[in-house]
Number of protein chains: 2
Amino acid sequence: MVKQDILRNELRRRKQRMTAQRELILKIFMDSEDEHMSAEEVYRKVLDRRLRISKATVYRTVDLLSDVGLLRRIVFRDGVIRYELVNKDEHHHHHIICTECGRVEEFPFDLLDDLEKLIEQSTGYKITDHQLKLYGLCSECAKKKNNEKTETDMRKATK
Amino acid sequence: MVKQDILRNELRRRKQRMTAQRELILKIFMDSEDEHMSAEEVYRKVLDRRLRISKATVYRTVDLLSDVGLLRRIVFRDGVIRYELVNKDEHHHHHIICTECGRVEEFPFDLLDDLEKLIEQSTGYKITDHQLKLYGLCSECAKKKNNEKTETDMRKATK
DNA sequence: TTATATGCAAAGCTTTTGCTACGCA
DNA sequence: TGCGTAGCAAAAGCTTTGCATATAA
């Protein structure tokens, strides 16, 4: 089933309506290379495409799409709420964020099912979701940092 | 070494200064039962204690203390940046958040060191930190939800 | 036809910034 | 004494809200 139909069905179930705006915003996520967009960034894409959708509607819609389960809310250390398309059949994935340039990549390993069970037993929680974020330097920024350090050391050495 | 001295040393290294405000804000974290405070919440504690520290300074200071490594930034799904005291000697811990009542608990298991190495190899990142968040229902909220559900089912059955 | 959704503008938050005065090293 | 800091107030985001108008079902 295509995502538009999922949306339409889910909306019907909730007595809400399928609108051009909702479909277009969903489409933006489907077309987007950028995996993780804040509401603000989505709105910028709306403007780029010369679509007439107000900012308020964008905010309301990404929220709706998340509630419906078509988008997933993710938050990195900067505290900005971003959204990514949920692919039901996809393996649960996680994020690795470069603390220098902000680049975000995904990795597909999900080795946490056992851990989850362990925690359920020891805390009494009923766990529904987990999110793992790794922070570090991407290879480029690590290289750059290393060079800077070397230069500084050399300056010191020649003083 | 006590945390004040760590701060003082770290500041000296960066040619920054030890001030009464910085020490007081650090102290608020050390005294606090509340493990996870936003800048706003810290500011409220400042007022509670009748301290004369401006809101801007609180924001700047929690940020500074995080950069220095005395605080750790943590962000849950609500997108609010919170801070917690870093205890160098403590086991790396993670958080489990109840999606119903917002309660946050910690769990000490950290089984991710191997995973971290694996990811370093496959992505070329130099990983410096990781944060795992589990979301679910705490035992109380799970119980409450279960009762509600049972009642609804009973109403339906007797209709 | 009518309840829901949109657009617009304004309000509400949290967070950052510019500038002057202050104070630590 | 000089440079990093604090305080204040204003600006800057980002997000939500109220209300009149438009529109899907």
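Fair warning: this is a prediction, and the values are worked out from it, not measured in the lab. Computed from heavy atoms alone, side chains included, the values below leave out hydrogens, waters and symmetry copies.
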Please find the earliest and latest nucleotides of DNA chain D, in the 5' to 3' direction, that have an atom within less than 4.0 Å of any heavy atom of chain A.
D:dC14 to D:dA25
Quick check for you: to the nearest 0.5 Å, what is the distance between B:Tyr43 atom OH and B:Met37 atom CE?
15.5 Å
Residues from residues 51-58 of chain B sitting under 4.0 Å of DNA chain D, heavy atoms only?
B:Arg52, B:Ile53, B:Ser54, B:Ala56, B:Thr57
Whole angstroms only, please: what is the CG-P distance between A:Leu47 and C:dG7?
12 Å
Has the side chain of A:Lys55 got a donor or acceptor atom that lies under 3.5 Å from a matching backbone atom of A:Ala39?
no
Applying side chain to side chain donor-acceptor pair (under 3.5 Å) as the test, list every pair that has at least one member in residues 15-29 of chain A; sequence neighbours left out.
A:Lys27-A:Asp31
I need the CG-C1' distance between B:Asp63 and C:dT15, as an integer number of Å.
10 Å
Tell me the interatomic distance from A:Arg14, atom CZ, to C:dA5, atom P, rounded to whole angstroms.
10 Å
Each nucleotide of nucleotides 19-25 of chain C classed B (base within 4.0 Å of a protein heavy atom), S (only sugar-phosphate) or -, in 5' to 3' order, makes ----BBS
Which heavy-atom pair separates A:Ile28 from A:Val42 by the least distance, and what is that distance?
CD1-O, 4.5 Å
Are A:Ile74 and B:Tyr135 grouped together when hydrophobic residues (ILVMFWY) are joined by side-chain heavy atoms under 4.5 angstrom apart?
no
Taking all non-hydrogen atoms of both residues into account, name the closest pair between B:Tyr125 and A:Arg103 and its distance.
OH-CD, 3.4 Å
In one Ile/Leu/Val/Met/Phe/Trp/Tyr side-chain cluster, 4.5 Å: B:Ile81, A:Val80:
no
End-to-end axis angle, where each axis spans five pairs of the helix from C:dT1-D:dA25 to C:dA25-D:dT1, to 10°:
40°
Euclidean distance, atom CG of residue B:Leu64 to atom P of C:dT16 [Å, nearest integer]
13 Å
Checking B:Glu41 side chain against B:Arg82 main chain: does a donor-acceptor pair fall under 3.5 Å?
no
Whole-Å distance, A:Leu11 CG to C:dA3 P, equals 19 Å
Side-chain donor/acceptor of A:Lys45 to backbone N/O of A:Phe29, under 3.5 Å
no
Rounded to whole Å, please give me the gap between CD in A:Glu40 and C1' in C:dT15.
15 Å
Note: A:Asp63-A:Arg73 ion pair, threshold 4.0 Å (strictly below)
yes
Tell me, please, which residues at least two apart from B:Glu10 pass side chain to side chain donor-acceptor pair (under 3.5 Å).
B:Arg13
